[in-house]
Every structure is written in C-alpha cells, then in structure tokens.
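Here the structure comes first, spelled out in structure tokens, and everything after it is commentary.
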Amino acid sequence: MTKYVIRGGKPLHGEVEISGAKNAAVAIIPAALLVDGVCRIENVPQISDVSLILKILQELGADVRTVNRTTLDIDCSHIHNGKVSNVMARKIRASYYLVGALLGRFGWAEVPLPGGCDFGGRPIDQHIKGFVAMGADVKVNSGLIQAYTKLGRVSGTQIYLDMVSVGATMNIMLAAVLAEGMTVIENAAKEPHIVDLANFLNSMGAQVMGAGTDVIKIRGVERLNGGTYSIIPDQIEAGTYMAAVAAAGGEVRIRNVIPKHLDCITAKLLEMGVEVEEADDSVLVRRTGKLCRTNVKTLPYPGFPTDMQPQIAVALCLAEGTSVLTEGVYDNRYRYVDELRRMGAQIQVDGKVAVIEGVEKFTGAPVQACDLRAGAAMVIAGLAAQGITEIEKVYHIERGYEDIVRKLNGIGADIRVVVTPDEEKDEATA
Ligand code: EPU
C-alpha cells in the first residue's frame, strides 16, 4: 500500500511544469489504430492511464517504442484484430475509444465495457447511438460491446447528441475518419482535447472540420499516413496547481500551459481574490491575502470544468463566507466531501448542490482518495492544513497526475511517499 504523508501549512513558491493532457492522450493513442504508418506522439504524460492504454494496444499487436521520456512511436499497421481481450480495458474509461477506432479501421470491434471514476451512472448510449447511425449493429453482451458492420466499413451520416458528451464526440470522430462519406456531429463537445484529437487526425491526413464548435464535420478518407504530433498541455493538471496555490497561499509560475484553456478557472480564482497573470505559455498565480467566497457551477467547456470541482471546493472551504457549488455534469461527484469533513470542512450537499461555509483552517487527518480528482483535492487540502495529512488509495491520483509528489515538493511542499510492502498490493480500479 502506498500513501502520501503531507506536512501542511507551508505556502508554495517556485515554478512547476505541466505535462501533456491525459484526456487528449488517452484518445490520441487509440487513434493511432487508424493510421497506416508510424505515429510519433510527443508530450505524452507519464501516468498509469496512459500505460494501461498502451498495454492494451500492444496486446492487440501495436509496435510501441519509447523515443524519450515523453515521446513514443506507435505503429499499428500490422494489427488485423478488432477484439480487445485485455481485462484491464474494463478498468479505465478511455477504453471506450477502442470501439470507435477499431470500428473505423476494421468495420468491427469487440471491447469490454469501460470502467472509470464512480460519479453515479455513466452510460455510453450516445456513443452507441452514433455507431448505429453509421450502420453498425451494436450489442452489449456479457460485459462486451460488440459492434459489427455488414459492409466492413461504417458510413457517414448526421448524428445529433442528446447531451454534450466528450467521450461520444471523440468516439464518433474516431469511427468517422475512415468512413464512407461525410459524418456530421451536432451538439458536439468543445473541450480542448476534442480540438487536439482533430488536429492529430488531420495531421495524419484526416479531414475533420469544426472541432471546438458544436458542429463537427468529418469527411471520410481512404487512409491515414504516419506523422509527428505533440499533445496539448493538461488543462486540469494546470488548474489543480492553480487551486493548490489558492488554498495553500504563495506564488507559483505554472509553465507549459495554454492560458486560454485556463480562462474558466482563472475567472473564478480572480473572483476569490487570487492574482493570476498570464504570459505566452505560463501563468503566475499568487495568493497572499484572504480568499473570498464565490459561486461555481460546472458545465461543459468553456464552462468551469467538472474535473476541477473537488479542487476548487477545497479553496472555497477556506474562503470567507458561504459559497454555492453546483455540479452540472454528473449525478454524484461529491463522494469526497466526507473526507474533507474529517479535516474540518463545513459542507452540506443536497443533490447536485453543495453549500460551503468557509472555515479558518483545515487540520491534518487520515483520508483517502475516492477517485482521481477527489484525490487531487485531498492533496490540496493536506497542503493547506495545519499538521499531518495521510492520504490512502493514491493510485487513483497517479492515474492522471505525472510526478505529483516531485512537482509539489519542487515548489516547497513537504510530501513523503510511504510504501508498506507487507500489505496487499493496491489494484488500479478506476
Ligand atoms: N452521458 C450519457 N450518455 C453518454 C455519454 C455521456 O448520459 O453516452 C452523460 C454522462 O453520464 C455525464 C455527461 O453525459 O453525465 C457527460 O459525460 P461525458 O461523456 O462528457 O464524459 P466522459 O467521456 O465519460 C470525459 C473524461 C472525464 C470528464 C468528462 C467531462 C475521459 C477519459 N474522461 O468523460 O474525465 O469528467 O469527459 O469533461 O476523457 C477525469 O479526468 O477526472 C475525468 C473524469
């Protein structure tokens, strides 16, 4: 068992470098299945979700070579199999992208139903609706998604998504790139990683237009060629460090970011009295005075990201006054609240709304990471707290944050990683 032991109460100072975006990487790596040749992918984050998706690709027959710490060459041209048997596919959310990519490449796919953080129900009906509209027969049997086309190729069509879904938008894009004719996705998601996937595909020869707006058009092409592509910086990792400075205080330059992607987070921190100065590819975040209350509602991009909801909640807990936090994407993303209460937080949750009464300080306590972003929130709370916080189940955090302990210790945090070898080994289940 691995846990983080944080001695809190120290402001953060210095510079931190942001890695490549997790939610772009976990779609772009499966997208290599569509490419006839070598894809060189740069700025790949070193996180366990990426290792897992690479393992699944290798089991399918992909040739994966490490060029350097953050650059990979992936060659999927020799794969002839659309069936994913790796049980680990059940444990991560992003394995759903294998359905779109394999369906696009072979006209059929069999992939275990995805897992992912538990925020209440996370159906994939919109993904399936898209594949069916493109001519696939899709069944869910014995925990497997089975998608087959009669003609060996999906066909372009018009698909209206009933809700804004990142996963369904990207999955349909993947299926559509090599489809016969034009696919139009209406009510598409607009997150930066949607644009990144489109840019990756286009750099390999695809014709994806309109990514970043709510109508995406994909003209099917006969093949994609190899090429080189660099993944965008992680908006949520950057936002997490911004929230850490807000909660713990101090002054940190956050490097290798696209400040525009952070606007939705910056706006809320400014309302809370945090100073944020944008430069070309960095933001300087400073918090010296008291934090002010505000209200936050999570929404699809360009709204405030749901993946920053637990982290901003920690800062709101330490702000003067009462804040209202509304979750606008998931049914239940407040499982971490009980953990924060152990540290002194005063939060009342009613459905999707959390009412937060600001407290003077947190006190360190033993807590656990319930999921990836909840885990990041526990780290931030530990940094801001007086005394020692011990966080268990940190494998959730390591799914999505490269080197978080080294990066935080580099800006003045005091975090030790404690491994207890005699206890049962943690299993990554997220
Ligand atoms: N939804 C449906 N049916 C569908 C698809 C989605 O009802 O077919 C609902 C979901 O239940 C949810 C909402 O629509 O209420 C939005 O879900 P979306 O499909 O956008 O989420 P996702 O694709 O499952 C990705 C990220 C999540 C992030 C969301 C929203 C990956 C691998 N996961 O999930 O990331 O919260 O988009 O931005 O890209 C994280 O990184 O911590 C994380 C959870």
Side-chain angles (χ1 to χ4, degrees), residues 19-31 45 47-50 52-53 56 89 91-100 113-133 138 140 145 159-174 185 187-197 214 231-232 234-240 261 264-265 298-312 327-333 335-336 351-352 369-377 396-402 430:
S19 302
K22 162 180 134 4
N23 288 345
V26 296
I28 286 174
I29 291 169
I47 51 177
S48 63
D49 267 16
V50 162
L52 251 162
I53 205 94
I56 297 171
K91 308 217 165 185
I92 51 169
R93 190 79 194 146
S95 58
Y96 53 28
Y97 293 130
L98 295 163
V99 184
L113 277 167
C117 297
D118 178 7
F119 311 136
R122 293 180 77 182
I124 55 162
D125 55 301
Q126 299 302 302
H127 304 230
I128 293 176
K129 168 176 146 171
F131 300 145
V132 170
V138 186
V140 177
I145 308 164
I159 299 158
Y160 176 83
L161 296 178
D162 296 339
M163 74 278 301
V164 179
S165 161
V166 169
T169 303
M170 303 232 260
N171 227 344
I172 295 167
M173 278 165 70
L174 291 169
I185 310 173
N187 198 26
K190 296 182 278 205
E191 269 66 6
H193 30 291
I194 307 253
V195 179
D196 209 34
L197 175 63
D214 51 16
I231 292 173
I232 51 165
D234 196 306
Q235 174 207 29
I236 304 298
E237 187 195 14
T240 300
H261 294 169
C264 38
I265 300 162
T298 70
L299 289 168
Y301 190 80
F304 188 89
T306 176
D307 294 343
M308 278 297 300
Q309 187 251 92
Q311 303 91 310
I312 200 81
E327 172 56 45
V329 177
Y330 292 111
D331 290 339
N332 180 9
R333 202 171 190 170
R335 286 169 62 230
Y336 64 90
K352 294 187 170 192
C370 319
D371 61 58
L372 168 60
R373 308 302 173 187
H396 283 300
I397 301 170
E398 292 170 0
R399 285 181 45 223
Y401 289 91
E402 179 177 315

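Order of appearance sets the numbers: ligands from 1, and atoms from 1 within every ligand.
- With sequence neighbours excluded, the residues forming a side chain to side chain contact (heavy atoms under 4.5 Å, CB included) with Val166 are Tyr97, Met170, Ala189, Glu191, His193, Ile194, listed by chain and number.
- Tyr401 is linked by a ring pair (Phe, Tyr, Trp, His ring centres under 6.0 Å) to nothing, counting only residues two or more places apart in sequence or in another chain.
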Show me the short polar-atom pairs for ligand 1: any N or O of it lying under 3.5 Å from a protein N or O, with distances only.
residue	atom	partner	partner atom	Å
ligand 1	3 (N)	Pro123	O	3.3
ligand 1	3 (N)	Asp125	OD1	2.8
ligand 1	8 (O)	Pro123	O	3.4
ligand 1	8 (O)	Asp125	N	3.1
ligand 1	8 (O)	Asp125	OD1	3.3
ligand 1	8 (O)	Gln126	N	2.7
ligand 1	15 (O)	Val329	O	2.7
ligand 1	19 (O)	Ser165	OG	2.6
ligand 1	20 (O)	Val166	N	2.7
ligand 1	23 (O)	Tyr96	OH	2.6
ligand 1	23 (O)	Gly167	N	2.9
ligand 1	24 (O)	Arg93	NE	3.0
ligand 1	24 (O)	Arg122	NH2	3.1
ligand 1	34 (O)	Arg122	NH2	3.3
ligand 1	35 (O)	Asn23	ND2	3.3
ligand 1	35 (O)	Asp307	OD2	3.1
ligand 1	36 (O)	Asp307	OD1	2.6
ligand 1	36 (O)	Asp307	OD2	3.3
ligand 1	36 (O)	Tyr330	OH	2.8
ligand 1	39 (O)	Asn23	OD1	3.3
ligand 1	41 (O)	Lys22	NZ	3.1
ligand 1	41 (O)	Asn23	ND2	3.2
ligand 1	41 (O)	Asp307	OD2	3.4
ligand 1	41 (O)	Arg373	NE	3.4
ligand 1	41 (O)	Arg373	NH2	2.8
ligand 1	42 (O)	Arg373	NE	2.8

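- Side chain of Arg333 to backbone of Glu327: no donor-acceptor contact under 3.5 angstrom is found.
- With sequence neighbours left out, Tyr301 forms a side chain to side chain donor-acceptor pair (under 3.5 Å) with no residue at all.
- At least one donor-acceptor pair closer than 3.5 Å links the side chain of Asn171 to the backbone N or O of Tyr96.
- Under 4.0 Å is where a charged nitrogen must lie from a carboxylate oxygen, and between Arg399 and Asp49 at least one such pair does.
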